[in-house]
Amino acid sequence: MFKQGVGAVARTACGPEEEQDSWWSSAPGAEVVFAGEAIVALTVLAALPGSGDSYGQNGGGAGLLFGFVIVSGLSIPVLLGLGFLHAVVFTRPALALARRTGRGAAAVVWLLSASAAAALAAWCAGAPYATALAWIAGAGLPPLLVASLALRLGTRTGAVVARTGVATPVLVLVALATVSGMSDAGAFDTYEPPSLERAAYVGEWRGEDNEVIRLHEGGEAAVERVKASGFGANGASCTGTGTWTARAEDPRYGTRAGVEIDVPGCSRWGETWQVSGTAARPELFQWIGDPDTGGLRILRRTGTAAATHPHG
């Protein structure tokens with residue numbers, strides 16, 4: 001069908017006006033098709049669960065869909081611009097060449113040749129050549145097929161744009177549902193926080209800003225230079241002693257297991273710390289402010305707590 005469509009268009013290009021306009025009429029709607037597939041691909045990449053720790057940040061669902069709508073609305077002009085450049089390099093010359101030669105295979109040869117050259121540039125930048133070639137050629141195939149079909153059927157560019165505009169959000173919803181279903185079925189190797197016994201929390205935990213928390217076996221706790229995390233903290237830090245207790249995970253609120261540390265006298269002190277890392281190298285983390293916009297604080301266990309009582 002692809003070869004017949006391009007060949008049929010090639011045989012109609014006999015007039016001077018058609019020859020002059022053939023370049024711009026050789027790929028109707030290819031730019032929009034590329035932009036649409038880019039939106040779908042970006043949605044899939046955003047929806048895929050990461051193999052690392054998200055530290056309690058929840059992706060997917062309604063939040064991802066809302067973010068997709070906002071980002072897509074802002075990025076459509078950029079994607080259309082990239083689609084135009086893609087059509088100039090890949091789709092238009094491929095179909096124009098097929099039109100000139102009367103051979104549909106010429107379009108495929110051009111697509112593969114241009115993809116091979118682009119993959120070489122990606123390889124020079126450090127990407128695996130075969131992978132880059134597969135992705136670049138694969139991204140060029142839908143615009144080529146759609147434009148070729150539009151030429152064969154005599155479909156106008158506006159109709160291609162309208163149909164792509166309807167198909168793109170539908171494919172986005174299908175992609176989200178597919179990724180969600182595969183994730184629920186355990187198809188992805190996702191991160192799972194370690195399950196620690198109470199004794200595993202006992203020890204010294206340090207942060208990058210020389211913050212220190214010492215948790216003792218008897219339930220006593222000592223903190224040094226740990227920044228307050230509540231609203232209006234304004235960079236204040238906490239140094240003092242108190243108590244700590246191990247806390248189980250609470251699926252109702254999406255919080256992991258961890259510890260609660262009570263330090264009297266520390267205002268706006270964030271008592272809740274959640275577990276991360278691995279069983280061999282555990283971490284405690286806490287968000288300062290909103291998890292979507294705030295800062296992430298991570299403490300790593302560096303040793304056992306001092307044998308002496310924290311009060312001296």
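Start at 1 with the first residue, then count along the sequence.
Grouping Ile, Leu, Val, Met, Phe, Trp and Tyr residues whose side-chain heavy atoms lie under 4.5 Å apart, directly or via other members, places Val33 in a hydrophobic cluster with Val146, Val160.
Classification of Arg225 and Glu211 as a salt-bridged pair fails, no side-chain N sitting under 4.0 Å from a carboxylate O. Salt bridge annotation for Arg214-Glu224: present, with a cationic side-chain nitrogen under 4.0 angstrom from a carboxylate oxygen. In this structure, Glu31 pairs ionically with Arg92, as a charged nitrogen and a carboxylate oxygen lie closer than 4.0 Å.
Here CG of Leu120 is found 10.0 Å from CD1 of Ile136. Values are rounded to the nearest 0.5 Å. Note that CZ of Arg300 is 8.5 Å distant from OG of Ser276, once rounded to the nearest 0.5 Å. The distance from the CZ atom of Arg103 to the OG1 atom of Thr101 is 7.0 Å, given to the nearest 0.5 Å. For the atom pair CZ of Arg247 and CD1 of Ile261, the computed distance is 10.5 Å after rounding to the nearest 0.5 Å. Note: Gln274 CD to Glu283 CD = 12.5 Å, rounded to the nearest 0.5 Å. In this structure, Leu111 CG and Leu144 CG are separated by 5.5 Å, a value rounded to the nearest 0.5 Å.
In this structure, Ser115 and Trp135 have side chains that are not in contact, with every pair of non-hydrogen atoms separated by 4.5 Å or more. Between Val32 and Leu80, the closest side-chain pair of non-hydrogen atoms falls below 4.5 Å. Looking at Leu296 and Ile298, their side chains come closer than 4.5 Å, going by heavy atoms from C-beta outward. At least one side-chain heavy atom of Pro194 sits less than 4.5 Å from a side-chain heavy atom of Val275. For the pair Ile213 and Leu299, the minimum side-chain heavy-atom distance is below 4.5 Å. Annotation: side chain of Thr91 is in contact with side chain of Leu95 (closest heavy-atom distance under 4.5 Å).
In terms of heavy atoms, Tyr201 sits closest to Leu215 at O-CD1, 3.4 Å. Residues Ala147 and Ala27 come closest through the heavy atom pair CB-CA, 3.8 Å. Scanning both residues, Ala114 and Val89, for their nearest heavy atoms gives CB-O, 4.3 Å. Of all non-hydrogen atoms in Ala175 and Val40, the two that sit nearest each other are CB-CG1, 4.5 Å. Of all non-hydrogen atoms in Gly242 and Pro264, the two that sit nearest each other are CA-CD, 4.1 Å. Between Ala38 and Leu79, the shortest heavy-atom contact is CB-CD2, 4.1 Å.
When hydrophobic clusters are built by joining Ile, Leu, Val, Met, Phe, Trp and Tyr residues whose side-chain heavy atoms come closer than 4.5 Å, directly or via intermediates, Leu42 is not grouped with Val172. Val263 and Val212 fall into different hydrophobic clusters, where Ile, Leu, Val, Met, Phe, Trp and Tyr side chains are chained together by heavy-atom contacts under 4.5 Å.
Among residues two or more places apart in sequence or in another chain, the side-chain hydrogen bond (donor to acceptor under 3.5 Å, both in side chains) test is passed with Arg281 by none. Looking at residues two or more places apart in sequence or on another chain, you find no salt bridge (Lys or Arg N to Asp or Glu O under 4.0 Å) involving Arg163. Every salt bridge (Lys or Arg N to Asp or Glu O under 4.0 Å) that Arg198 has, sequence neighbours left out, goes to Glu217.
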Check step by step if side-chain contact (heavy atoms from CB on, under 4.5 Å) holds for Thr43 and Leu176.
CA-CA 7 Å; Thr43 302; Leu176 288 174; 3.7 Å; yes
Working note: Trp244 + Glu271, criterion side-chain contact (heavy atoms from CB on, under 4.5 Å); need CA distance, chi angles, decisive distance, verdict.
CA-CA 9 Å; Trp244 73 277; Glu271 298 182 353; over 6 Å; no
Verdict with reasoning, Leu149 to Thr155, per side-chain contact (heavy atoms from CB on, under 4.5 Å):
CA-CA 8 Å; Leu149 181 62; Thr155 307; over 6 Å; no
Can you give each donor-acceptor pair under 3.5 Å made by side-chain atoms of residues 121-131, sequence neighbours left out, with the distance rounded to 0.1 Å?
from, atom 1, to, atom 2, distance (Å)
Tyr129, OH, Ala116, O, 3.2

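For residues 85-112, every residue pair satisfying the ring pair (Phe, Tyr, Trp, His ring centres under 6.0 Å) rule, not counting sequence neighbours, is listed here: Phe34-His86, His86-Phe90.
No side-chain donor from either of Glu260 and Thr245 sits under 3.5 Å from a side-chain acceptor of the other.
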